[in-house]
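What follows is a short report on a single structure.
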There are 2 protein chains.
Amino acid sequence: MTETDIHTIHKKFFNIVKLTVELEKTPRHFGTDELLTSTEIRLIEAIGDNGETDSVTELANLLGVTKGAVSQNLKKTEKRGLTTKDEDPENLSRSIVGLTSKGKTAYYAHKHWHETMDGGFKYYFTEMNQAQLDFLHEVLSKIETFLKSAMQ
Amino acid sequence: MTETDIHTIHKKFFNIVKLTVELEKTPRHFGTDELLTSTEIRLIEAIGDNGETDSVTELANLLGVTKGAVSQNLKKTEKRGLTTKDEDPENLSRSIVGLTSKGKTAYYAHKHWHETMDGGFKYYFTEMNQAQLDFLHEVLSKIETFLKSAMQ
DNA sequence: TCAAAAGTGTATAGTATCTATACTCTAAAT
DNA sequence: ATTTAGAGTATAGATACTATACACTTTTGA
């Protein structure tokens, strides 16, 4: 094992952050003929995760954006045949957002993609012993705490 | 030390990525009266790093965007009194981009901010022994390789 | 009960950041 | 000398938001 310095680790860390963001942002098909941006697949993910029972406002809160933003994005995904929007029979001012079959395909393909990604990511941890896992956890916790404090 | 599972580490890791991106994106003053976005401070950083000798095209290549994007952003920072643009006396079709005193203030304040941040980040590694540093380096390298392969 | 208040979704203008195209210059090449 | 290449810019369009204003429905409370 070659000796490494702190600077190399620091650089590697930020490169990983950069790669993760890039990977997340890359538009993909997710089993459909539509190229879905990260915003679109995150919307579809949020709709499917609650069993297609959420309203526009609820989705906005889940996604951390305004309801106007969700409304705009839903208009686009609806036009592309991915999502649906129906009046809530128990509350006519509310809409229930759902997925079409194409939307469901994307939802499950994305879930599968995530499982594969997470599996590949986690693979490198399975070889570790408990002491190593605990060490890694401690390091990450300290970095996390530091970043949180830096954000005020 | 409490025992940790892989899932916790995985979650922590992605939270750190999220926090890092947020921290980077937060607009700051950097010692001036102007609130500078990440795009603006990255532009100022690129200008200053080469001693204010770069052209628009060179900055675009450094930043990984089109020259049109740099041209647009320079127009805004110039209007706000942060950057300058002068004809290259040796090539009249080329412009040399520089910093005003306000721009220089932001440049150095940003440098200092980065040093503080990096210092805080690296602090957690100084307590480690060589075996721990090597272990961390190995883990990060594997993750980096995995992410690169996932990007095609 | 019924008017005010609160909540739901949407339209629209505006912001930020980028690309792509077209254009005007200037410089270089043959 | 004229074509070609390069530099910078203007502008339109894409993406993804926020903020405001609005119409409509529901809840509330006197």
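Each chain gets a letter, A, B and so on, in the order its sequence line appears, and its residues count up from 1.
When the side-chain nitrogen and oxygen atoms of Lys75(A) are compared with OP1 and OP2 of dG9(C), none of them lie within a distance under 4.0 Å.
Close placement of the Phe121(A) and Phe14(B) rings is indicated, their centers lying within 6.0 Å of each other.
Chain B approaches DNA chain D over the interval dG6(D) to dA12(D), counting the first and last nucleotide 5' to 3' with an atom under 4.0 Å from its heavy atoms.
For the atom pair Ile96(B) CD1 and Thr84(B) OG1, the distance stands at 9.5 Å (nearest 0.5 Å). Here the OG1 atom belonging to Thr66(B) is positioned 10.5 Å from the CG atom belonging to Asn61(B), to the nearest 0.5 angstrom. Annotation: the span from Thr26(B) atom OG1 to Leu35(B) atom CG amounts to 10.0 Å, rounded to 0.5 Å.
Side chain to side chain, Asn50(A) and Thr53(A) fail the donor-acceptor criterion of an N or O pair below 3.5 Å. Residues Glu138(A) and Ser141(A) bring no donor and acceptor atom of their side chains to less than 3.5 Å of each other.
Residue Val70(A) forms a side-chain contact (heavy atoms from CB on, under 4.5 Å) with just one option from Leu59(A), Thr57(A), Ile47(A), Leu62(A), and that option is Leu59(A).
Annotation for Glu90(A): atom CD does not count as buried by contact number, only 12 or fewer foreign heavy atoms lying within 6.0 Å. For Lys11(A), the NZ atom sits in a loose shell: 12 or fewer heavy atoms of surrounding residues, nucleotides or ligands are nearer than 6.0 Å. For Lys122(A), the NZ atom sits in a packed shell: over 12 heavy atoms of surrounding residues, nucleotides or ligands are nearer than 6.0 Å.
Nearest-nucleotide positions on DNA chain D place Lys85(B) closer to the 5' end than the other of Arg42(A) and Lys85(B).
Against DNA chain D, the stretch residues 21-37 of chain B makes no heavy-atom approach under 4.0 Å. At a non-hydrogen distance threshold of 4.0 Å, Val65(A), Thr66(A), Ala69(A), Gln72(A), Asn73(A) from residues 55-74 of chain A come into contact with DNA chain D.
Classification of the Trp113(A)-Phe30(A) ring pair by plane angle, with boundaries at 30° and 60°, yields perpendicular.
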A correct 5'-to-3' footprint of nucleotides 24-30 of chain C, with B, S and - meaning base, sugar-phosphate only and no protein heavy atom under 4.0 Å, is --SS---

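Glu34(B) meets the side chain to side chain donor-acceptor pair (under 3.5 Å) test with Arg80(B), Lys102(B); sequence neighbours excluded. Every residue meeting the side chain to side chain donor-acceptor pair (under 3.5 Å) condition with Glu144(A), not counting sequence neighbours, appears here in chain and number order: Lys12(B), Asn15(B).
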